[in-house]
Amino acid sequence: MRNNPISTLAFRIRYALGRFPGTSWLIGGAEAESSHTLRQGMLASVLIMVGSWGVGWLPMTPGSLLAANPLLLPLRTTTSGAVVCAVLLILGALLLLRSWLRLSQRVGRWDEAATGVMTRALLMWGAPLLATVPIFSRDVFSYLAQGRLLHAGLNPYESGVSQLPGWFMEGADGLWAESPSPYGPLFLVIAQLFWFISGGVPEVAILLFRMVSVVGIALIAYAVPRLARAFGSQPAWALWVCLLNPLSLLVFLPAAHNDSLMIGLMMTGCWLALCKRRLFAVLALVAAIAVKPTAMVVLPFAVLLSLDSTRSYLLRFREWAFGGVIAIGLLVAGGYALGIGLGWVTASLGAGGAIPQTAPVGLLGTGIGMLVAPLTGSDVESVAQIVYAAARAAAAVLLIFMLLQPRLGNPVLWSAYGLAAVVLSSSIIQPWYLLWVLPLFAVVHVYRGPILMLVTGIVTAMVLMSTVGQLSVAQWVDTRVVIGSAVSVALVYLIYIVFFDPNTSDLFDVRQRSQRWNTADGWLRLRRLSTPHTSWTSRAGEPAPPRAAAPRSISPTPQPGQESDSPPERPTA
């Protein structure tokens with residue numbers, strides 16, 4: 001516990017409330033019990049749910065069931081209602097963050113017993129979020145509009161949603177008005193089906209898209225623990241970092257993003273390949289690509305999991321040929337059967353062109369364009385596009401180099417490096433891109449120290465920036481008051497969690513060093529070589545014999561010369 005007056009006062013208040021009958025069910029409890037934290041996370045989700053009713057996204061179409069609901073109107077049409085809902089939303093998001101951090105402390109050790117706790121947390125925290133009005137992003141309305149495009153006989157890879165009458169009133173973001181769809185043909189078929197089933201009623205379509213997201217979550221919850229167990233990571237930790245972080249919960253459920261389905265199919269394909277079910281593995285991976293083409297980066301790595309060893313180039317090319325022929329055949333046949341051809345390939349390369357290019361590569365391209373354009377007579381955008389294409393080409397070369405390494409390590413871990421390189425080479429980086437790579441890293445190693453703090457910091461920043469920046473406030477409501485109130489509450493609570501909370505402030509101690517853990521090695525520094533290039537070859541469902549004790553959930557980093565397979569006990573606050 002931090003030794004300062006605020007932390008001491010907070011500790012005393014917590015102790016008093018933990019002994020009071022009216023609050024003891026929610027606050028306090030033994031440090032080794034997770035029940036109080038599970039309830040706090042559920043309360044956070046309820047706060048997010050109620051807050052979304054006032055500042056979440058709702059379309060203004062006549063077919064909307066909630067836009068003119070008399071119970072929601074006071075929350076959505078008055079400044080006081082919008083302020084209260086915005087504050088509840090931010091409080092809920094940060095309480096969910098704190099609950100996520102505290103859960104990692106209260107489970108004690110990342111062993112099999114903790115896996116059930118993570119599953120209960122997912123159910124308790126996720127259930128209220130199913131009843132939210134869309135927050136964080138309104139891409140779900142673009143999904144519906146693109147399904148309507150396909151239903152109308154138009155090609156979503158050639159026509160933007162602005163071709164539809166009344167598209168803006170249906171909630172689609174104007175940034176995508178003229179942009180081609182960046183999604184694969186399978187997801188467009190799903191979107192078309194949901195447009196037909198819902199009859200254009202947005203709330204019904206949102207629930208349908210959320211059910212698809214739940215399917216993706218279920219696939220992640222199925223495949224990730226099994227892969228972690230086989231590769232020597234910890235299933236409970238992998239679930240905690242991949243599914244229970246606030247970014248995942250908000251992107252997958254309230255925002256109903258299709259990323260959960262892509263990730264779920266991708267990880268299921270990896271698991272099936274490890275089980276040597278080659279055809280089903282490729283089918284799952286192709287389905288992931290047909291939802292979001294980004295998954296094609298993982299395919300050439302994942303199919304190698306069917307091999308006992310990757311030393312033979314002949315066997316590697318055999319698996320690539322097997323997976324490639326099936327993937328190309330299905331994607332080409334499916335595209336032409338829908339009458340949309342291969343437009344998704346070029347559309348995915350130019351996805352996000354309407355969004356400001358604020359990623360490092362995007363800023364670099366713009367900067368070079370501003371320097372070169374006056375000298376060459378070209379326009380800034382043309383020069384920037386050349387830089388973006390060069391970055392994509394460099395990422396492609398890097399992927400080929402990785403795949404042809406003589407001593408290829410764990411294919412899932414290498415796919416994580418490859419996908420991270422592709423993301424970093426993009427001219428735009430959306431908050432949820434982090435969620436693509438987290439499972440690929442988490443099933444191979446447990447991480448701690450500043451590198452885990454970096455992930456926590458990114459999750460926190462993305463949740464707060466997107467939540468505050470995506471508040472839906474009526475034109476006649478004072479937006480400055482609403483956003484100002486939300487930002488003020490966010491800053492105060494965030495400062496408390498990081499610097500003064502007697503339970504969570506120690507998690508942000510930058511004096512620790514980054515390490516990773518695997519059953520085969522115990523704790524290692526990041527720069528040291530580990531042995532997942534051999535440990536991954538153990539048969540699925542038959543993990544390698546444990547050579548290092550399961551790591552404790554939160555523990556101080558050993559001093560130099562004290563590398564320990566079983567870290568010391570964590571001091572309790």
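Because the structure is predicted, anything quoted here is derived from the model rather than measured.
Proximity of a side-chain donor or acceptor of Ser426 to a complementary backbone N or O of Val422 within less than 3.5 Å is detected. Formation of a donor-acceptor pair under 3.5 Å by the Ser34 side chain with backbone atoms of Leu103 is not found in this model. A side-chain donor-acceptor contact under 3.5 Å links Ser260 to the backbone of Ser213. At distances below 3.5 Å, at least one donor-acceptor pair connects side-chain atoms of Thr456 with backbone N or O atoms of Leu452. Under a 3.5 Å cut-off, the side chain of Arg210 and the backbone N or O of Pro254 do form a donor-acceptor pair. Remark: side-chain polar atoms of Thr268 are not paired, donor with acceptor, to backbone N or O of Leu265 under 3.5 angstrom. Of the possible donor and acceptor atoms, none in the side chain of Arg448 sits under 3.5 Å from a partner among the backbone N and O of Trp517. For Asn245 (side chain) and Ser248 (main-chain N/O), a donor-acceptor pair under 3.5 Å exists by modelled atom type. No donor-acceptor pair closer than 3.5 Å links the side chain of Ser505 to the backbone N or O of Pro502. In this structure, Thr37 contributes its side chain and Arg102 its backbone to no donor-acceptor pair below 3.5 Å.
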Cys275 and Phe280: CA distance, side-chain angles, deciding distance, side-chain contact (heavy atoms from CB on, under 4.5 Å) verdict: CA-CA 10 Å; Cys275 295; Phe280 292 107; over 6 Å; no
Test side-chain contact (heavy atoms from CB on, under 4.5 Å) applied to Val291 and Tyr183, step by step: CA-CA 6 Å; Val291 171; Tyr183 309 118; over 6 Å; no
Residues Met211, Val215; criterion side-chain contact (heavy atoms from CB on, under 4.5 Å); working and verdict: CA-CA 6 Å; Met211 291 304 101; Val215 171; 5.8 Å; no
Leu507/Gln105 under side-chain contact (heavy atoms from CB on, under 4.5 Å): CA gap, chis, key distance, verdict: CA-CA 10 Å; Leu507 303 182; Gln105 295 174 314; 3.6 Å; yes
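Taken from CE in Met49 to CG in Leu43, the straight-line distance is 10.5 Å, to the nearest 0.5 Å. Interatomic distance, Met262 CE to Ile289 CD1, rounded to the nearest 0.5 Å: 10.5 Å. From Asn518, atom CG reaches atom CZ of Phe231 across 10.5 Å, with rounding to the nearest 0.5 Å. In this structure, CG in Leu122 is found 11.5 Å from SG in Cys242, a value given to the nearest 0.5 Å. Note that the OG atom of Ser309 and the CZ atom of Arg407 stand 10.5 Å from one another [nearest 0.5 Å]. Rounding to the nearest 0.5 Å gives a distance of 10.5 Å between CE of Met462 and OG1 of Thr467.
Counting heavy atoms from C-beta outward, Leu261 and Ile190 have side chains that approach closer than 4.5 Å. Taking 4.5 Å as the limit, every side-chain heavy atom of Arg513 sits out of range of all side-chain heavy atoms of Leu526. Counting heavy atoms from C-beta on, the side chains of Arg226 and Leu274 never come closer than 4.5 Å. A 4.5 Å side-chain heavy-atom check between Leu97 and Val463 finds every atom pair outside the cut-off. Between Leu253 and Val214 the shortest side-chain heavy-atom distance falls below 4.5 Å. Taking 4.5 Å as the limit, every side-chain heavy atom of Phe252 sits out of range of all side-chain heavy atoms of Leu129. The side-chain heavy atoms of Val443 and Met267, taken from C-beta on, include a pair separated by under 4.5 Å. Leu283 is listed as a side-chain neighbour of Leu330, based on a closest heavy-atom distance under 4.5 Å.
Nearest heavy-atom pair, Ser137 versus Pro134, reported as atom, atom and distance to 0.1 Å: O-CB, 4.4 Å. Gly418 and Leu399 get closest at one heavy-atom pair: CA-CD2, 3.4 Å. Among all heavy-atom pairs drawn from Ala395 and Ala421, the shortest one is CB-O, 4.3 Å. Considering all non-hydrogen atoms of both residues, Gln470 and Phe136 come closest at CG-O, 3.2 Å. Here the closest heavy-atom approach between residue Val298 and residue Met266 is recorded as CG2-SD, 3.4 Å. Listed here is the closest heavy atom pair of Ser45 and Leu96: OG-CD1, 4.2 Å.
Around the CE atom of Met465, the shell of radius 6.0 Å holds no more than 12 heavy atoms that belong to other residues, nucleotides or ligands.
In terms of the salt bridge (Lys or Arg N to Asp or Glu O under 4.0 Å) criterion, residue partners of Arg278 (sequence neighbours excluded) are, by chain and number, Glu319. Applying the side-chain contact (heavy atoms from CB on, under 4.5 Å) test to Leu464 and every residue at least two apart in sequence or in another chain returns Leu94, Thr460, Ala490, Leu494. A search for ring pair (Phe, Tyr, Trp, His ring centres under 6.0 Å) contacts involving Trp100 returns Trp240, not counting sequence neighbours. Every side-chain contact (heavy atoms from CB on, under 4.5 Å) that Thr115 has, sequence neighbours left out, goes to Glu112, Pro235, Ala236, Leu239.
Exactly one residue among Phe187, Trp436, Trp432 makes a ring-ring contact (aromatic ring centres under 6.0 Å, His included) with His257. That residue is Trp432.
Ring geometry for Tyr222 against Trp271 counts as perpendicular: the plane angle is over 60°, on a 0 to 90° scale with 30° as the lower cut.
If you check the side chains of Ser306 and Arg318, you find no donor sitting under 3.5 Å from an acceptor.
Sorted by first and then second residue, the ring pair (Phe, Tyr, Trp, His ring centres under 6.0 Å) pairs with a member in residues 291-318 read Phe317-Trp320; sequence neighbours excluded. Residue pairs meeting the salt bridge (charged side-chain N to carboxylate O under 4.0 Å, His left out) criterion with at least one member in residues 282-295, sequence neighbours excluded, are Asp259-Lys292.
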